[in-house]
Amino acid sequence: MPTPEFPQDAKRAVALQRQLAGLVQLTPLARLPELVAGVDCAIAPGGEEIVGVAVLMRFSTGEVVEEQVARRPLTFPYVPGLLSFREGPVLLAALAVLTLRPELLLCDGQGIAHPRRFGIASHLGVLLDLPSVGIGKSRLCGEERVVGEQRGDWQPLMDKGICIGSILRTRERVRPVYVSPGHRCDQEGARALVLAWGRGHRLPEPVHLADRLSKRQRLAVLP
DNA sequence: GCGACAG
DNA sequence: ATCTTGTCGC
């Protein structure tokens, strides 16, 4: 049975994005979240199934608190701008079985740096009413721009004269990432969180670990 | 019509 | 995202 919150056709998906985009809040974070969840997906060999994982980490200790995995049949194609309708359901499933509720979501993909200002980070953030940040490895929209080479250097990601995110250097000699608020977060906070969770990789640690876990789990034998 | 296009 | 070999650098 299709998840009600995720229409299976592009027409209704776009309409839902336009509607939910109105609920996004770009408010500053009250405080630095302690429990953070990184999420990511992988496609099982054969392309019939999608694996979603959530890695919960504690900021003060840097420890992994919990990891959860979910699998679902793949029912939505990859369409630029509609990624959340492909990966959203399985990611929600993985997040739903976490014992502890995260205070923040770090997502692989865009937040408001999206044609309708509603990327997967925004979508998950709004549905779960959690602060969220989108970290994209490549650009969906907005103008490309050269960034300084030091860690922490950044440039605004501009689209039609509006700042929709940041092009941020998280490591030297490594391509910058595209950071944007998902929900209940502002541009400054989004950048600060990504840098605060940097542990030597291009992506923030929770997302980096979620990426590795998903790629391990996609080959796992099902019980 | 043409180019661009998260994962 | 996935496929896919060796290679360069920390």
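Every chain is numbered from 1 and lettered A, B, ... according to where its sequence line falls, protein lines coming before strand lines. Just so you know, these numbers come straight off a predicted model, no measurement behind them.
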Residues, nucleotides or ligands: over 12 heavy atoms within 6.0 Å of A:Glu34 CD: yes
Touch class at under 4.0 angstrom, heavy-atom based, for A:Ala113 against every strand present: nothing
Test salt bridge (charged side-chain N to carboxylate O under 4.0 Å, His left out) applied to A:Arg173 - qualifying residues, sequence neighbours left out: none
Donor-acceptor pairs under 3.5 Å, side chain of residues 127-135 of chain A to any protein atom, not counting sequence neighbours: which ones?
from     : atom 1 : to       : atom 2 : distance (Å)
A:Asp129 : OD1    : A:Arg184 : NH1    : 3.3
A:Ser132 : OG     : A:Ala121 : O      : 2.7
A:Ser132 : OG     : A:His183 : N      : 3.1

Residues that, via side-chain heavy atoms closer than 4.5 angstrom, fall in one hydrophobic cluster with A:Leu140: none
Residues within residues 147-185 of chain A bordering DNA chain B, heavy-atom distance below 4.0 Å: none
A:Arg202 backbone acceptor or donor facing A:Thr170 side chain under 3.5 Å: yes
Range on DNA chain C touched by chain A - first to last nucleotide, heavy-atom distance under 4.0 Å: C:dA1 to C:dC10
Exceeds 12 heavy-atom contacts within 6.0 angstrom, atom CZ of A:Arg175: no
Within residues 199-210 of chain A, residues whose heavy atoms come under 4.0 Å of DNA chain B: none
Side chain to side chain donor-acceptor pair (under 3.5 Å) partners of A:Glu103, counting only residues at least two apart: A:Arg31
Residues forming a side chain to side chain contact (heavy atoms under 4.5 Å, CB included) with A:Gln217, sequence neighbours excluded: A:Val51, A:Val69, A:Leu213, A:Ala220
Atom CZ of A:Arg212: over 12 foreign heavy atoms under 6.0 Å: no
List, one per line, each side-chain donor-acceptor pair under 3.5 Å for residues 76-93 of chain A, sequence neighbours excluded.
from    : atom 1 : to       : atom 2 : distance (Å)
A:Ser84 : OG     : A:His123 : ND1    : 2.9
A:Arg86 : NH1    : A:Phe76  : O      : 2.7

Distance-only polar pair, side chains of A:Gln17 and A:Gln19, donor-acceptor under 3.5 Å: no
Atom CD of A:Glu48 with >12 non-hydrogen neighbours under 6.0 angstrom: no
Backbone N/O of A:Glu63 and side chain of A:Thr61: donor-acceptor pair under 3.5 Å: yes
With 3.5 Å as the limit, what N/O pairs link the protein to nucleotides 5-7 of chain B?
from  : atom 1 : to       : atom 2 : distance (Å)
B:dC5 : OP1    : A:Arg139 : NH2    : 2.2
B:dA6 : OP2    : A:Tyr78  : OH     : 2.5
B:dA6 : O3'    : A:Ser138 : OG     : 3.4
B:dA6 : N7     : A:Gly81  : N      : 2.9
B:dA6 : N6     : A:Gly81  : O      : 3.0
B:dA6 : N6     : A:Leu82  : N      : 3.3
B:dA6 : N6     : A:Leu83  : N      : 3.1
B:dA6 : N6     : A:His114 : NE2    : 3.4
B:dA6 : N1     : A:Ile120 : N      : 3.2
B:dA6 : N3     : A:Gln110 : N      : 3.1
B:dG7 : OP1    : A:Lys137 : N      : 2.6
B:dG7 : OP2    : A:Ser138 : OG     : 2.6

Nonpolar side-chain network containing A:Tyr178, other nodes, edges under 4.5 Å: A:Val147, A:Leu157, A:Ile162, A:Ile164, A:Ile167
Ion pair A:Glu144/A:Arg139, N-O distance below 4.0 Å: yes
Involving DNA chain C, stems made of at least three consecutive Watson-Crick or G-U pairs, both distances under 3.5 Å: none
